[in-house]
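Have a look at the structure below, then the notes.
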2 protein chains.
Amino acid sequence: MKKRWLLAFGALIAFVLSTAVLISQTSSKNAQAASARVSVSSDISSLMLMPLPQDIRPGTGKFRLASTATVYVSGNGHPRIYGAASRFMRNLSDRTGLNFMLEGYVTPQDTAKSSTIQISCRKAGKVALGMDESYTLTVSQQNVSINAETDIGALRGLATLLQLTTQDEEGYFFPILTINDSPRFPWRGLLLDVSRHFFSVDVVKKQLDLLSFMKLNVLHLHLTDDQGFRIESKTYPKLHEMGSDGQYFSQSEMKDLIKYADERGIRIVPEFDLPGHSTSWYIGYPEFSSGTGATFGGPYQIDRKWGRGSPVMNPIKEEVYQFLDVFFKEMSELFPDEYLHIGGDENNGLQWANNPEIQAFMKANGLASKEALQNHFNKRLQVIINKHGKKVMGWDEIFVEGVPKTILIQSWQGKEALYKAARQGFTTILSSGYYLDIHEPTDKHYLNEPMPDSVKLSAEERKYVLGGEACMWTEYVNAGNVDSRIWPRMAAIAERFWSAASVRDVEDMYRRLDHISAWLEQLGSTHESNVPVMLRRLAGVGEDITPLKTYADVLETVKEYKRGQIIRFTYSSFFPLTGIADVARPDAKTARQFRSQTAKYLALLKEIKESAAGKNATDSSKIALLDATRESLSAWLRIWKNNHDKLVPLLRKNPRLAESEEHSLSLSMASQLGLEAIDRLERGVAITPQWKYLAALILERAKQPRAQTDIMVLPAIELLVKAAK
Amino acid sequence: MKKRWLLAFGALIAFVLSTAVLISQTSSKNAQAASARVSVSSDISSLMLMPLPQDIRPGTGKFRLASTATVYVSGNGHPRIYGAASRFMRNLSDRTGLNFMLEGYVTPQDTAKSSTIQISCRKAGKVALGMDESYTLTVSQQNVSINAETDIGALRGLATLLQLTTQDEEGYFFPILTINDSPRFPWRGLLLDVSRHFFSVDVVKKQLDLLSFMKLNVLHLHLTDDQGFRIESKTYPKLHEMGSDGQYFSQSEMKDLIKYADERGIRIVPEFDLPGHSTSWYIGYPEFSSGTGATFGGPYQIDRKWGRGSPVMNPIKEEVYQFLDVFFKEMSELFPDEYLHIGGDENNGLQWANNPEIQAFMKANGLASKEALQNHFNKRLQVIINKHGKKVMGWDEIFVEGVPKTILIQSWQGKEALYKAARQGFTTILSSGYYLDIHEPTDKHYLNEPMPDSVKLSAEERKYVLGGEACMWTEYVNAGNVDSRIWPRMAAIAERFWSAASVRDVEDMYRRLDHISAWLEQLGSTHESNVPVMLRRLAGVGEDITPLKTYADVLETVKEYKRGQIIRFTYSSFFPLTGIADVARPDAKTARQFRSQTAKYLALLKEIKESAAGKNATDSSKIALLDATRESLSAWLRIWKNNHDKLVPLLRKNPRLAESEEHSLSLSMASQLGLEAIDRLERGVAITPQWKYLAALILERAKQPRAQTDIMVLPAIELLVKAAK
């Protein structure tokens, strides 16, 4: 009987038995882990924090999270801390699945002094330049405490604590440690250009959530430009009514945004770009432009193309200053921040040159250049802005002879301008080197140190460098791709602004960035999830997007301002941002990893060859490492070599992908080259002039952008080919 | 020399030659296709339209899209048609990559009468019940024309035209055809419960975009309930200030939403649920409740749990009616639709029973039951609503003896209530059978016919059935998963409401739904893209989510109201909606396809066996089909069988996934059972009682929900096991 039973059940029984063992193993494993609970020490190098705190003292053990965890706030913090604590618990719950027993939000009425998470703030913070953002975070076996001078510091501490969430087989925990932290620079911002493309309140709020998680504290809104006037004016309603296609923030929406930002310890700094970059102002009010004739050079239209338009404000009309006085009174009341940005960049001076009255005014007042006239305009504008209780900030161009020391210079032209201003006692922030729209890699921004040691600034002068702002100009950016243009690169810039200057280990930054990138996604960023959405649109319904993703993963959008040059005759606000160049992400991770592996491979090979030539014994672990690295490179190269055949049918089904066919073929051929180069390198086969010639031909062709993208593994393949010589 | 050259270049040359051939093939293929351009006829069965139009006449050939395409609007339509035409061109551009040469938006000033897309509307439509939504769409070789009585009809035509976008190797096109179309029912809506979970303006706008694409015309906002009061009241500000945790629509936001909906031909119908489901009203105004004592049964708190609360409005106080008069005057001015929904459902009557004054009032006025008292309240409320120019609608419960014929009944309890009302001359809409929150499959909703032939309603009575509304109640729905709860199922319901009753081919519906689902994604729905986001959160950073996705793809959240029963003691507004039950989507596609293949397989097997038993020759194509079907089933079963071992390490790394381990094992074992059943079936092996016993044991255990999900391939595996007997 027993035997027949066994035979009858065959595979099934064996299967049941094997899985039963699996289950019992789990239980005993858990029991073992539980008994070993306290002996785990946290190690700084395993922490996934960004920006890296100023001081971390690791301890031993874990604070275990349970659904009974509660938060208690004490001290005299601003009420915003209750919202922040509630959001923290919600995010922690979303991440861990722990259903904290909240009756509602964290409130001042909560009296659970025995709470496991204790927040204490000495006084209420005010969201303004110079706010105290320091905090101390202590995780012990029994509880977590955040102590801060202000609620804003506590908020920064909560961001750190959320990043500390870790898990093991037993559950979720925070590692035991103590952190003392405060920012290096007081001004750490992102400029978002909402004029060239408009972004809805929800999209901006999402950015505020992400900025706050990265401890950034300024969102600079570039509200007006040739392409759109994006804020409601009740005093001059034709500004937004005629200058925005209906796409603007109402004042109630802006108040909501300011409040939302304030709750997250973020200042909103508004920019009104003047006297140039201002076409959208004149659709409704042509009389304020410097145009001539009955229509003042109008009627003006919203500019649909990029670049600097010629319309510029009229600096010699008293009506213009009366208008600016009324308008900026309104805006100064709307925006609570002490700074108001007046732009000041890129006025080409054409309208001024063509206006006889303006020319006469310049002659009469001894203003020899357009710069002198702009300076005249700026001075009067500054008086108006100051009168309404605000300090003026502007781009490099406003920094001319005789401007008052109260202005703040935002440097986009280069660091020299920054240091020059600081040396003269002007406050400055750096944006040069942090332009997110030109598709540079993360490490380049990361290593862009505002004050390198090589710059001889006195301690006093250094205080004038307040920090920096990354700039998201939006010629080719809309709600569909904005997250992938800002994130995760912005997180590394946040570390540059917050952490010590000495924190500049690129490899460690990338290691932590992967982790932070996942957090950013959980907090709403679509930089990862929108890629397949866009690929599915490109591939068409029901197609397997794998080969298209393999291809897109090694692409980056062409750098700097090349995209505009390539599509010169067709670019406009209406250009569809759904192509392969919009899917491609800055600092393509796959390509970056391939480049880094190639460098590692070539260095190892060189080292081993040299040691062989010197008749030294080669370390066997080095050889194993070389083998592994070569295998990894070859595996990638084979995938790309073979991808073309898989991708071609899909490319041909979708006419808009036609331009990518040659590029995909180039990737395939270059990968074949790479494989042959490795083969020659390792086997020491001499290469012929013909091979060299053909390789150069293939690589040269492959380097040409197609569909506004570059293949980012080519530099590495080129290195392999060169090494094969 | 020649020979050495060939040897030296080895593989590379061969590779270059082969790819060169590839390229030349493309060019000649394109040339061939171009010459064959006009002979392609469009076939209804290849069209991917939803809802299916009333009348389609296919033609021969294609209208080719080029970047020179322009739109011209003529006639006397409402200006909303210009915005709709602009959005249409933008969507077409995003889909095709064609950079249409737009100077800006489509405007009345455009005079390009030679435009390729011509829209003509006879008169301006008003977004209201009964609006004319008919249109004629004609695609010819030279141009496209949409003719409609109103701009709203033209808008529906543009939705159809967008769905007609097709591509071939040469480019994008619309197939030549003529469509005459109009809706079957005038009321086609979605109810969105914004009280239990709140949704931001952007999330609601996205739903409006998607509803409009599916030709739906009502968004019913369930604005108030025990869990939140979601609309700003300027007359009684404590309603939203104290009843919403700050999560409400300001009046300016609501006006913006109403305008956005109007531009898309959608009515917004507001619901204020009374007299029950109203706890959130009494946080600020306890005196309007039916509670007793100095605090009127309060202080009340926002209800954090689900189910019907007991607080109910006091129907015997004149102050209550004065309040309602002022409040509904305000709301009637805010909401332009002629209907205002007063709820009326699920009052448990407890507060009334416990209030001596109310009991005395009932006795004095001969009101024998809580229903009679509620009727008294409703009658007075109806007078108030009517006084402010609105018609009243409500749930089944308001349909009692003596209500005026002007009210509209929304039936949630069943179709009988609907027909009863229609027979008595009351207008009605159907919601029973369209509850999206109980996770039923698409086809069940799709086949839920509001007026089946079996119902004997006269032609006159049928007119009282105005249509239907799907209901998205949001106990377990927030912005993270709302799209996957509404879409794409809602698209099939839209077809039920728009298309002829005879359109009910489930297989064809699913075929088209896949295509429509991709469009919905392109228009902003995250029902597809949010799945990997949620899986990445569950799996943790850097983990391969493939095995987790394989597992999640056969799961559905438990049906009906089981989820609440399972997590009874911990459910609340704060329950994290990030678990595997929130990733699992209704009508899991993989599971559905497996079930359908299994049914096909068993039918084929039966047919072939019977024909063999009858000694008839079996069709060889049938045998091939059986082989293919078996192979497809077996391949799936092997994947699921082997998935468990891949998934276990990941499940153990993430404590919150612990509950899924047994389920994953069950899936694996059930799949093993399925494979063995197929084997026995085909080889005709007799099964033992022991095998049967063990199979029953495994399946019974597997059917138990884990982590609030069910394994949806079990019914099919059970069929295989039963057949193996």
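A, B, ... follow the sequence lines: proteins, then strands. Residue 1 opens every chain. The analysis underlying the following values was restricted to heavy atoms, covering all of them including side chains, and did not include hydrogens, waters or symmetry mates.
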I need the residue from [options] with the largest number of non-hydrogen atom pairs under 4.5 Å to chain B.
{"options": "Asp245(A), Asp168(A), Leu675(A)", "value": "Asp245(A)"}
{"options": "His515(A), Arg537(A), Met48(A), Gln167(A)", "value": "Arg537(A)"}
{"options": "Val685(A), Ile687(A), Asn654(A), Asp514(A)", "value": "Asn654(A)"}
{"options": "Ala518(A), Ser93(A), Ala479(A), Gly83(A)", "value": "Ser93(A)"}

Below 4.5 Å from any heavy atom of chain B, which atoms of [X] appear? Answer side chain, backbone, both or neither.
{"X": "Leu577(A)", "result": "backbone"}
{"X": "Asp256(A)", "result": "side chain"}
{"X": "Glu253(A)", "result": "side chain"}
{"X": "Asp94(A)", "result": "both"}
{"X": "Leu98(A)", "result": "backbone"}

### Query
Do you know the tightest heavy-atom contact between Arg90(A) and Ser573(B)?
NH1-O, 4.5 Å
### Query
Which atom pair, heavy atoms only, marks the closest approach of Val203(A) to Asp202(B)?
N-OD2, 4.1 Å
### Message
Is Ser252(B) close to chain A through its backbone or its side chain, or both, or neither, when contacts mean heavy atoms under 4.5 Å?
### Response
side chain
### Query
Once you round to the nearest 0.5 Å, how far does CE of Met534(A) lie from OG of Ser529(B)?
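So the gap between those two atoms works out to 12.0 Å.
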### Message
Looking at Arg536(B) and Glu521(A), is there a salt bridge between them, counting it only when a charged N and a carboxylate O are closer than 4.0 Å?
### Response
yes
### Message
Within the 4.5 Å heavy-atom criterion, are Tyr172(B) and Arg656(A) side-chain neighbours or not?
### Response
yes
### Task
Determine the option with the most heavy-atom pairs under 4.5 angstrom with chain A, choosing from Gly97(B), Gly524(B), Gly579(B).
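That would be Gly97(B).
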